[in-house]
Amino acid sequence: MITLLYRIYQIFVGLPVVVIMTIITALEVGIGTTIGNGHFWGYYPGRWWAKVILWSLMIPVKVEGREKLEEGRSYVFVANHQGIFDIFLIYGYLGRNFKWMMKHQLGRIPFLGYACKKSHQIFVDKSGPKKIKKTYDTAREILQEGYSVTVFPEGARSFTGHMGIFRKGAFALADELQLSVVPLTINGSFDILPRTKGFINLINRHPLRLTIHEPIHPIGKGPENVDNSRQKAYDTIMGGLEEKYQGYVENPDQ
């Protein structure tokens, strides 16, 4: 009975709020970044957009480890990618002004893509050397200005809730600028909405948990540091996953 009531609530309250909030936030970001501080308008409206969506869908959220981050310091955040709700969780509850590194295809999504472009999120385009260089140049500028970036090193959502491999890009960027990498473990996102269902389907009400782990500081500069931070981040995030999602599973999307 409770599940049925929640399904009805989603259809008539939760999902309309998601659509309305996305449109309003996109317009707010567009106007704000045109007339004001792009870093402010590129983060705070999105933060409240994410929080309101999770509140409206009655998703419980728990965050652990914020005290491990230093104020005013830039980080490269890396997280496992269980599903769409990873974005709401990190955007709403990480508590740091950052830019996303995301697939350039996301820029085509109505309203959401517009807001991401206006707020100067970092689109990753691997279609050629010049596009790749532009991605890294943009990320480098953001980090040098004192902000942080958030990356899903798997590059694609999981089909099973398990982790795939981690690409080197985020760790090479952290190495170049000698920044600390902060692993983030996300639990619950796959249980809310598995990738195989798609966002237009009804979701399951399930708790979300974001664990912020100890920063991984550089041990030098070069390939050894890149490999060290990548392996430590992978092992740390894996160790924070619920037992049923631990262990490597190949992701055909990678």
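Remember, it's a predicted structure, so these values are computed and weren't measured experimentally.
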Partners passing side chain to side chain donor-acceptor pair (under 3.5 Å) against His206 (at least two apart in sequence or in another chain): none
Partner set under ring pair (Phe, Tyr, Trp, His ring centres under 6.0 Å) for Tyr248, not counting sequence neighbours: none
Pairwise distance OG1(Thr138) to CG(Leu143) - rounded to 0.5 angstrom: 11.0 Å
Student check: side-chain heavy atoms of Pro153 and Tyr234 closer than 4.5 Å: no
Test side-chain contact (heavy atoms from CB on, under 4.5 Å) applied to Trp55 and Val52, step by step: CA-CA 5 Å; Trp55 289 340; Val52 169; 4.3 Å; yes
Minimum heavy-atom distance Asp175-Val226, with the two atoms named: CB-CG2, 3.6 Å
Pairwise side-chain contact, Leu184 with Ile212, heavy-atom cut-off 4.5 Å (strictly under): yes
Whether Phe85 and Phe88 hold their rings parallel, tilted or perpendicular, with breakpoints at 30° and 60°: perpendicular
Value rounded to 0.5 Å, distance of CG in Asn251 from CZ in Arg195: 6.0 Å
Min side-chain heavy-atom separation Ile84-Ser189 under 4.5 Å: no
Within-4.5 Å side-chain heavy-atom neighbours: Asn37 and Tyr43: no
Inter- and intrachain pairs under ring-ring contact (aromatic ring centres under 6.0 Å, His included), touching residues 168-197, at least two apart: Phe190-Tyr245
Cluster check Ile11, Leu4: I/L/V/M/F/W/Y, side chain < 4.5 angstrom: yes
By ring pair (Phe, Tyr, Trp, His ring centres under 6.0 Å) - contacts of Phe152 (at least two apart): His81, Trp100
Shared hydrophobic cluster, Ile219 / Ile216 (ILVMFWY, side-chain heavy atoms < 4.5 Å): no
Minimal non-hydrogen separation, Val78 against Ala170, with atom names: CG1-CB, 4.0 Å
From Phe98 atom CZ to Arg47 atom CZ, the distance as rounded to the nearest 0.5 Å: 10.0 Å
For the student: nearest non-hydrogen atoms of Leu193 and Leu202, plus distance: CD1-O, 4.3 Å
4.5 Å side-chain heavy-atom contact, Val151 and Ile122: no
Minimum side-chain heavy-atom gap Asp227-Lys232 below 4.5 Å: no
Same apolar cluster (I L V M F W Y, side chains within < 4.5 Å links), Met101/Ile165: yes
OH-OG1 distance between Tyr44 and Thr25, expressed to the nearest 0.5 angstrom: 15.5 Å
Closest non-hydrogen atom pair between Gly92 and Ala50, with its separation: N-CB, 3.6 Å
Leu177 side chain near Val76 side chain, heavy-atom distance below 4.5 Å: no
Tyr114 side chain vs Val29 backbone, donor-acceptor pair below 3.5 Å: no
Neighbour count above 12 (heavy atom, 6.0 Å) for Lys51 NZ: yes
Co-membership, hydrophobic cluster, residues Val63 and Met58, 4.5 Å side-chain: yes
Test applied, salt bridge (Lys or Arg N to Asp or Glu O under 4.0 Å); reference residue, Glu64; option that passes from Lys62, Arg66, Lys68: Lys62
Main-chain N/O of Met163 paired to Ser158 side chain as donor or acceptor, under 3.5 Å: no
Under the salt bridge (charged side-chain N to carboxylate O under 4.0 Å, His left out) test, residues paired with Asp235 that sit two or more places apart: none
Name of the residue among Thr236, Thr211, Asn80 meeting side-chain contact (heavy atoms from CB on, under 4.5 Å) with Pro183: Thr236
Test item: Arg205 side-chain N/O and Ile192 main-chain N/O as donor-acceptor pair under 3.5 Å: no
Hydrophobic cluster identity match, Trp49 and Ile31, side-chain contacts under 4.5 Å: no
Charged N-O contact under 4.0 Å between Lys134 and Asp137: no
Lys244 and Asp191: CA distance, side-chain angles, deciding distance, side-chain contact (heavy atoms from CB on, under 4.5 Å) verdict: CA-CA 11 Å; Lys244 63 181 178 179; Asp191 298 282; 3.1 Å; yes
Residue pair Phe159 / Asp253: nearest heavy atoms and the distance that separates them: CE1-CB, 4.1 Å
Any residue meeting ring pair (Phe, Tyr, Trp, His ring centres under 6.0 Å) with His213, in chain and number order, not counting sequence neighbours: none
side-chain contact (heavy atoms from CB on, under 4.5 Å) evaluation trace for Val17 with Met21: CA-CA 6 Å; Val17 169; Met21 279 300 301; 3.9 Å; yes
Exam field: side chain Gln10 to backbone Leu5, donor-acceptor pair closer than 3.5 Å: no
Nearest non-hydrogen partners of His162 and Gly247, listed with the distance: CD2-O, 3.4 Å
Nearest-0.5 Å distance that lies between atom CG in Asp86 and atom CD1 in Ile186: 3.5 Å
Atom pair CZ/CZ of Phe77 and Arg96 - distance to nearest 0.5 Å: 5.5 Å
side-chain contact (heavy atoms from CB on, under 4.5 Å) between Tyr147 and Lys99, intermediate numbers included: CA-CA 8 Å; Tyr147 297 91; Lys99 300 292 185 185; 5.6 Å; no
